[in-house]
Each structure stands twice: as C-alpha cells, then as structure tokens.
Amino acid sequence: ANATLYFLSFYNNPIFSFTSAQSGRDAHAALHSLISQKTGLRYIGLNHTGIGNAECEIISNALTSEECNLIFLDLSRNQINDEGVAVLCACLEINTTIKYLELSV
C-alpha cells in the first residue's frame with residue numbers, strides 16, 4: 001500500500017468508463033478497490049466522471065469496508081439522483097471516517 005499518497009483526483013477523467021459490460025466490470029472493481037483498501041489516501045475526487053446510481057452501490061459497499069479510511073470523497077457533477085444519495089447516506093451510518101461528502105450538481 002502507498003502510505004504517502006494523500007490526495008487523488010480523477011476530475012473529468014474517463015478512466016471509470018462504463019460504456020461496455022467488460023469495461024464497466026473492470027471500472028467497478030477498480031473503484032471498489034480504490035476506496036475499500038487501507039492506504040494513505042484521505043481524499044478521492046471522482047467529480048465529473050459519469051458516476052451514477054449503480055456506482056453509488058459500489059461506493060457504498062466500499063465505504064463500509066473496515067479498511068476504508070477516507071476523510072473526503074468528492075462525487076460532485078455526476079449523474080447521481082435521490083436514489084444514489086439515499087444509498088450513500090445509509091452507508092455513512094456505518095462508516096466513521098468520512099467527514100466530507102461532496103454531492104453538488
């Protein structure tokens with residue numbers, strides 16, 4: 001694990017491309033791994049990356065991992081509606097490390 005990387009931003013980056021079934025599965029696995037593993041990461045910016053409600057389920061699952069130690073997660077400017085927000089809010093009842101969750105439009 002990289003204990004020195006503190007801030008990671010994917011702003012407006014198509015790295016999490018969900019256009020095909022295989023790339024979607026690969027992107028979902030990478031997203032889960034990025035959030036759920038214990039590293040030095042404290043901030044992940046996934047703003048303006050095309051994330052939607054389906055990805056909120058994956059993010060929520062990762063945030064409830066005992067290994068997750070994120071403090072700030074930026075999901076602003078994505079395609080997340082009330083359904084995705086509800087899923088994320090529910091996981092925050094379990095996750096005690098997240099202090100800032102950015103969901104602005």
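The two residues Phe10 and Thr49 come nearest to each other via the heavy atoms O-CG2, 3.2 Å. The two residues Leu46 and Leu75 come nearest to each other via the heavy atoms CB-CD2, 3.8 Å. What you find for Phe72 and Ile98 is that their closest heavy atoms are N-CD1, 4.4 Å.
Remark: Glu102 CD to Asp74 CG distance equals 5.5 Å, nearest 0.5 Å. Rounding to the nearest 0.5 angstrom, the gap separating the CG atom in Asn53 from the CD atom in Gln79 is 9.5 Å. For the atom pair OH (Tyr100) and CG (Leu73), the distance works out to 14.0 Å, reported to the nearest 0.5 Å. Rounding to the nearest 0.5 Å gives a distance of 14.0 Å between OG of Ser33 and NE2 of His28. How far SG of Cys89 is from CG of Leu103: 7.5 Å, rounded to the nearest 0.5 Å. From Ile59, atom CD1 reaches atom CD1 of Ile80 across 6.0 Å, with rounding to the nearest 0.5 Å.
Tracing side-chain contacts under 4.5 Å through hydrophobic residues (I, L, V, M, F, W, Y), one never reaches Leu63 starting from Val87; they form parts of separate clusters. Note: the hydrophobic cluster containing Tyr11 does not contain Ile44 (ILVMFWY, side chain heavy atoms under 4.5 Å, direct or indirect links). Transitive grouping of hydrophobic side chains (ILVMFWY, heavy atoms separated by less than 4.5 Å) brings Leu8 and Ile58 into a common cluster.
In this structure, a donor-acceptor pair under 3.5 Å is absent between the side chains of Asn78 and Asn47. There is a side-chain donor-acceptor pair under 3.5 Å between Asn61 and His32.
Ring geometry for Tyr43 versus Phe7: interplanar angle under 30°, hence parallel rather than tilted (30 to 60°).
Checking side-chain atoms of Thr97 against main-chain N and O of Leu70 turns up a donor-acceptor pair under 3.5 Å.
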Could you walk me through whether Glu67 and Ser36 satisfy the side chain to side chain contact (heavy atoms under 4.5 Å, CB included) test, starting with their C-alpha distance in whole Å, then the side-chain angles of each, then the deciding distance to 0.1 Å, before giving a yes or no? CA-CA 6 Å; Glu67 298 296 310; Ser36 67; 5.7 Å; no
Practice item. Given side chain to side chain contact (heavy atoms under 4.5 Å, CB included), test Cys68 with Asn95 step by step and report yes or no. Key: CA-CA 8 Å; Cys68 177; Asn95 178 294; 3.8 Å; yes
Test side chain to side chain contact (heavy atoms under 4.5 Å, CB included) on Glu55 and Leu31; report intermediate values, then the result.
CA-CA 8 Å; Glu55 290 75 38; Leu31 182 60; 4.2 Å; yes
Check the pair Leu88, Leu92 against side chain to side chain contact (heavy atoms under 4.5 Å, CB included), reporting the backbone distance first and the verdict last.
CA-CA 7 Å; Leu88 292 168; Leu92 293 178; 5.7 Å; no
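In this structure, the side chains of Asn69 and Arg42 come closer than 4.5 Å at one or more pairs of heavy atoms. In this structure, Leu34 and Leu41 have side chains that are in contact, with non-hydrogen atoms separated by less than 4.5 Å.
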